[in-house]
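These notes concern the structure reproduced below.
Both ligands and their constituent atoms are indexed starting at 1 by order of listing.
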Amino acid sequence: MQSLGTLEELPQQYRDELASMNLVPLWPSLRALLPPGVPSRHTRPTHWKYRALRPQLMKAGELTPMEKAERRVLVLANPGHGLENMKASPAIYLGMQLLLPGEWAPSHRHTPNAVRMVIEGSGATTTVDGEKCPMERGDLILTPTGLWHEHAHEGSDPVVWLDVLDLPLIYYAETSYATEGARQTPGAGRGDQAHTAGGVVPAPLFERRADKPYPMLRYPWSQVRQALITLAEDRPDLEAVQLNYINPESGKDAQNNLGFYALMLRAAQTLALPARSPSAVYHTIEGSCEISGAGLQAMQLAEADTCVVPGYTPIRIRNGTASAATFVFIADEAPLHRKLGVYEVRS
Ligand code: 1HN
């Protein structure tokens, strides 16, 4: 590939004149903007250990009352993007949120899309769009763009969950804002009760009509886990025992920009995942695994650990136990890449 002229080759006076006119020569930057074959990525493979992170989160519980935090969160920031930018990847924000017994995180709504993956504790609820969702370990709860949401905790032990948002993307687009609201009064009817079985959706008086654009807000882990086990037993030939969290009415991704999946690694299984354009987050719901790949320092994920892997990176994911299945929650930027027309799988 031909090397192009540099900025330094241009007379200083010319460069100054251009800058004063808000003009920039393209050719000195062209190769950096369009590197050959593979994009440059700021996202660094990064591993957050729950065992190390948890005490710091509990300390935040002692140091900062809810009234001073609104949301008590430690952000999982990728150093490659600069910690202050609070990105796990170009489009993904990750945070660990703590809610203590008796606390309430007030109602608000905002343009970014959020999901919660519950890590520990029980007795908390998230009310989304007037629907009171119990939060149990492994449950995935959606807070799609524009829907009111608040968290309450009537249990006796701390509740911790992983927040996954498309905040960096929405912020980049200069479209990120929030509105404060009054406490919601939960109504009757829950999406997880209306959609308890795959393949059937409510059709009152024979009309199949979704009342809401997001008909399912809570995906109970007990059901998703069983679905994985049943699939694994039914299909011993299937290499990747993986489910995609979808909108049960449309069959499309559960949310607009990020994709969510549950992967079951069979006992002693190692799975090769091809290089794909989206960055991806891996979080062990149950069990442990090792994520490795060429040019990637192997990451040993204990239970409740979280890591991010940049796009265009082939990886191997190996079950950390020879005798039991490991269950992994995955979040990626695939829906966004598909919309942008840049989604790629490289074999
Ligand atoms: C948010 O609304 C929550 O509602 C958590 O629990 C984390 C991070 C950035 C922006 C909004 C929540 C958030 C957030």
Side-chain angles (χ1 to χ4, degrees), residues 48 53 56-57 60-61 64-78 81-137 139-155 158-184 186 214 217-219 254-258 260 281 283 306 308 329 331 333:
W48 294 271
L53 178 164
Q56 302 293 3
L57 191 56
T64 305
M66 212 47 195
E67 306 77 67
K68 293 274 184 193
E70 209 165 289
R71 298 295 190 265
R72 191 190 291 108
V73 175
L74 293 180
V75 178
L76 280 52
N78 192 306
H81 287 280
L83 296 183
E84 68 284 2
N85 290 313
M86 296 195 274
K87 300 179 184 188
S89 76
I92 302 178
Y93 157 105
L94 296 175
M96 282 290 173
Q97 183 160 172
L98 169 67
L99 198 64
L100 294 170
E103 287 184 333
W104 177 62
S107 193
H108 69 183
R109 60 180 185 172
H110 42 66
T111 46
N113 295 276
V115 303
R116 341 248 158 236
M117 167 52 57
V118 183
I119 295 179
E120 67 167 279
S122 66
T125 56
T126 284
T127 300
V128 184
D129 195 24
E131 200 178 305
K132 194 170 177 177
C133 303
M135 302 180 96
E136 299 298 332
R137 190 168 89 97
D139 288 357
L140 183 76
I141 297 170
L142 309 187
T143 310
T145 179
L147 299 193
W148 293 107
H149 56 284
E150 64 194 83
H151 316 299
H153 189 4
E154 288 146 38
V159 165
V160 179
W161 64 80
L162 176 69
D163 289 313
V164 186
L165 283 81
D166 59 4
L167 179 63
L169 172 70
I170 302 299
Y171 187 80
Y172 170 78
E174 300 184 349
T175 51
S176 180
Y177 71 93
T179 312
E180 310 272 302
R183 194 163 194 150
Q184 299 171 71
Y214 299 97
L217 296 171
R218 173 176 183 249
Y219 297 76
Q255 280 190 338
N256 286 332
N257 297 317
L258 303 182
F260 305 103
V281 170
H283 169 84
T306 306
V308 64
F329 171 64
E333 301 164 332

Would you check the N or O atoms of [X], main chain and side chain alike, for any that come under 3.5 Å of an N or O of ligand 1?
X	answer
Asp163	no
Tyr93	no
His151	yes

For this session: Give the residue and atom name of whichever protein heavy atom lies nearest to atom 4 (O) of ligand 1, and the separation in Å to one decimal.
Result: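 Of every protein heavy atom, Arg71 NE, 2.7 Å lies nearest to atom 4 (O) of ligand 1.
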Problem set entry | Residue and atom name of the nearest protein heavy atom (relative to atom 1 (C) of ligand 1), distance in Å to one decimal |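 Answer, as residue, atom name and distance: His110 NE2, 3.7 Å.
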Problem set entry | Side-chain donor-acceptor contact under 3.5 Å, Glu150 with Thr126 |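 Thr126 and Glu150 do not have a side-chain donor-acceptor pair below 3.5 Å.
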Exercise. Looking only at side chains, do Thr143 and Arg116 share a donor and an acceptor under 3.5 Å apart?
Worked result: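 Their side chains do contain a donor-acceptor pair, which is all the 3.5 Å distance test asks for.
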Exercise. Between Leu167 and ligand 1, which residue portion shows a heavy-atom distance shorter than 4.0 Å: side chain, backbone, both, or neither?
Worked result: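 Leu167 to ligand 1: side-chain contact only, backbone stays beyond 4.0 Å.
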For this session: Indicate yes or no for a side-chain donor-acceptor contact from Ser107 to the backbone of Gly181 under 3.5 Å, with no hydrogens or angles considered.
Result: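 No.
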Exercise. Between the main-chain N or O of Pro134 and the side-chain N or O of Arg218, is there a donor-acceptor pair closer than 3.5 Å?
Worked result: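 Indeed, once roles are kept as given, a pair shorter than 3.5 Å links the two residues.
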Exercise. Nearest heavy atom to atom 13 (C) of ligand 1: which of Val128, Leu165, Val164 does it belong to?
Worked result: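 Of the listed residues, Leu165 has the closest heavy atom.
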For this session: Would you check whether Arg116 reaches within less than 4.0 Å of ligand 1, judged by its heavy atoms?
Result: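 Right, Arg116 reaches ligand 1.
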Exercise. Does NZ or CZ of Arg137 lie under 6.0 Å from the centre of the six-membered ring of Trp161, at an angle within 45° of the ring axis?
Worked result: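 No, Arg137 does not sit over the ring of Trp161.
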Exercise. Which atoms from ligand 1 have a heavy atom of Gln97 less than 4.0 Å away?
Worked result: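 The atoms of ligand 1 under 4.0 Å from a heavy atom of Gln97 are 5 (C), 6 (O), 12 (C).
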Exercise. Quick check: are there more than 12 heavy atoms from other residues, nucleotides or ligands sitting under 6.0 Å from CD of Glu174?
Worked result: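 Not more than 12 within 6.0 Å, no.
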Problem set entry | Ring centroid separation His153 to His151 under 6.0 Å |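 No, too far apart.
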